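For ligands, and for the atoms within them, numbers begin at 1 and follow the listed sequence. Computed from a predicted structure; not experimentally measured. Residue numbers run from 1 in the order of the sequence given.
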Amino acid sequence: MDIYKIKGGKKLSGEITISGAKNAALPIIVASLMADGETVLHNVPNLMDIRTIVKVIEALGAKTHFDQAKNILKITAQNIKNNEIPYELVKTMRASVYVMGPLLALTGEADVSLPGGCAIGERPVDIHLSGFEAMGAKIILEHGNIRAKTKKLKGATYKMNKVSVGATANLMMGAVLAEGKTILENSAMEPDIVDLGNFLNAMGAKIDGLGTDKIEIDGVKKLNAVSYSIMPDRIEAGTFLIAGAITKGSITLKNVVPEHIGALLYTLKEMGFKIKTTKDTVSISPSQKLLGTIIRTVPYPGFPTDLQAPIMALATILSGITTVTETIFENRFTHVPELRRMGADITIEGNTAIIRGVKSLSAAPVMMSDLRAGAALIVAALAAKGTTEIRRIYHSDRGYEKLPEKLSQLGVSIKREKGEA
Ligand code: UD1
């Protein structure tokens, strides 16, 4: 298994271009199953999770061609069948459950493995399932599989008992080809959902209320294949801004929608960083006085849970105290013991981490436990004294395209090496 060796202490400088959004691309790729003809997707990040979802749709009968260098994915979906998706694929990625919506809409049946637990908690799919039940599907759980069946999905009004990005995407995909009108209440407002909705509308779907907590979908008979460009990845952008911040560097990110990271920009400004934005760039630079603050993760447009770990790494070296409360996932502090190994002073009380700023971090061998916890370790390594060795970096391959290349471009000394088996 490969490891990263990162030499800390260098101020980041320069500019990089942010890739397409993983969490928008995943459902959009799956939604292409419903198109008549060849879908052409641009700005598709070349990531492990993307390559996995491509294998998933191939297992259902889609033909694909992914030009990884140009980030263009072509998908032709004909004769889509409710085939078994190898468990090997599903177990690595919860987003496989996204095939339920399109499969139910197209074939009236969907059998998918029930996603297991994962490093950040239990992550159930009950909201997805009860939403499909409201739309007329019969659902049975047996032998570790979800089996869903219906003659034809029917429009329904369904209020989610918790804001769920995944359930909103899945139900929206099912609803676009359902009979009649579907109203999703308490739906997710994340930009990824808006991007998926814009893609579906471009194909001929009738979706209203994107970006609000009430999405209304009038079912249509057919969707046409289109060419579409995936929006920029706000979590990648956020991670790089935090990386620039922890080194007190000055960097500019291109291909960003500043509005998508509004809560992060607010937090960084509160900490004392200077932020400049244009329509599609964000720049960060330090100021003399940098201070801890109070952070609470909440659904969009609030502070994203996916940036909770990286911002905590930044807080470890700011003056004063930062508190970080995680309200979305129950076990998302696995980066804390690793950050402590690097000299961070962090106490956990329930779902709140209390971070007391230290003068500096020091390099230590550490291990990624999931994608965003991994991002926190990379951020910490950039500021640490010495060379940090990070193991299990396959987690960051899932979500950060060309990470070493982009960090090198900003002046970081980073090597990817073969580690122990
Ligand atoms: C997506 C993102 C992930 C992000 C998360 C929250 C993708 C591929 N992943 O994950 O990066 O961290 O949104 O912004 O887009 N829940 C239930 N029942 C359900 C579904 C969810 O209880 O049926 C709970 C979850 O356990 C969690 C909360 O709802 O506590 C939010 O989860 P959800 O928004 O569904 O996250 P994902 O779509 O899995």
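Side-chain atoms of Phe329 and Thr297, non-hydrogen and from C-beta on, never get closer than 4.5 Å to each other. Proximity of Ile183 to Lys214: side-chain heavy atoms (C-beta onward) are separated by under 4.5 Å at one or more points. Proximity of Met172 to Ser187: side-chain heavy atoms (C-beta onward) are nowhere separated by under 4.5 Å. Contact of the Ile215 side chain with the Ile217 side chain is registered, since non-hydrogen atoms from C-beta on lie closer than 4.5 Å. Ser396 has its side chain within reach of Met368: a pair of non-hydrogen atoms, C-beta onward, lies under 4.5 Å apart. Inter-residue side-chain proximity for Leu318 and Leu291 is flagged as unmet; no heavy-atom pair is nearer than 4.5 Å.
Atoms of ligand 1 found under 4.0 Å from any heavy atom of Thr305 (numbered from 1 in listed order, with element): 6 (C), 12 (O), 14 (O). Residue-ligand proximity, Val125 to ligand 1, at heavy-atom distances under 4.0 Å covers atoms 19 (C), 23 (O). Here is the list of ligand 1 atoms found below 4.0 Å of a heavy atom in His128: 23 (O). Near Gly166, meaning under 4.0 Å from one of its heavy atoms, ligand 1 places the atoms 35 (O), 38 (O). Atoms of ligand 1 found under 4.0 Å from any heavy atom of Ile328, numbered from 1 in the order shown, are 27 (C), 30 (O), 31 (C).
Around atom CZ of Arg392, no more than 12 heavy atoms belonging to other residues, nucleotides or ligands sit under 6.0 Å away.
In this structure, of Pro124, Ser164, Gly131, the residue bringing a heavy atom nearest to atom 19 (C) of ligand 1 is Pro124. Counting only non-hydrogen atoms, the option in Asn23, Val163, Asp126, Ile127 that gets closest to atom 2 (C) of ligand 1 is Asn23.
The proximity of Arg332 to ligand 1, defined as any non-hydrogen pair under 4.0 Å, is limited to the side chain. Residue Asp306 touches ligand 1 through its side chain alone, judged by heavy-atom distances below 4.0 Å. Contact annotation for Arg94 and ligand 1: only side-chain heavy atoms (C-beta onward) come within less than 4.0 Å of the ligand.
On a distance-only criterion, Lys22 and ligand 1 share no N/O pair closer than 3.5 Å. Between Ala167 and ligand 1, not a single N/O pair is under 3.5 Å apart. For ligand 1, none of its N or O atoms has an N or O atom of Glu190 under 3.5 Å away.
Between Leu253 and Ala237, the closest heavy-atom pair is CD1-O, 3.2 Å.
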Only distances under 3.5 Å count here; give the side-chain donor-acceptor pairs of residues 27-42 to other protein atoms, sequence neighbours excluded, each with its distance to 0.1 Å.
| from | atom 1 | to | atom 2 | distance (Å) |
| --- | --- | --- | --- | --- |
| Ser32 | OG | Ile28 | O | 3.0 |
| Ser32 | OG | Ile29 | O | 3.4 |
| Asp36 | OD2 | Lys222 | NZ | 3.3 |
| His42 | NE2 | Ser227 | OG | 3.4 |

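Every heavy atom of Asp192 sits 4.0 Å or more from the atoms of ligand 1. Within the 4.0 Å heavy-atom shell around ligand 1 one does not find Leu129. Taking a 4.0 Å cut-off on heavy atoms, Gln308 fails to register as neighbouring ligand 1.
Taking a cutoff of 4.0 Å between a charged side-chain nitrogen and a carboxylate oxygen, Lys406 and Glu236 qualify as a salt bridge.
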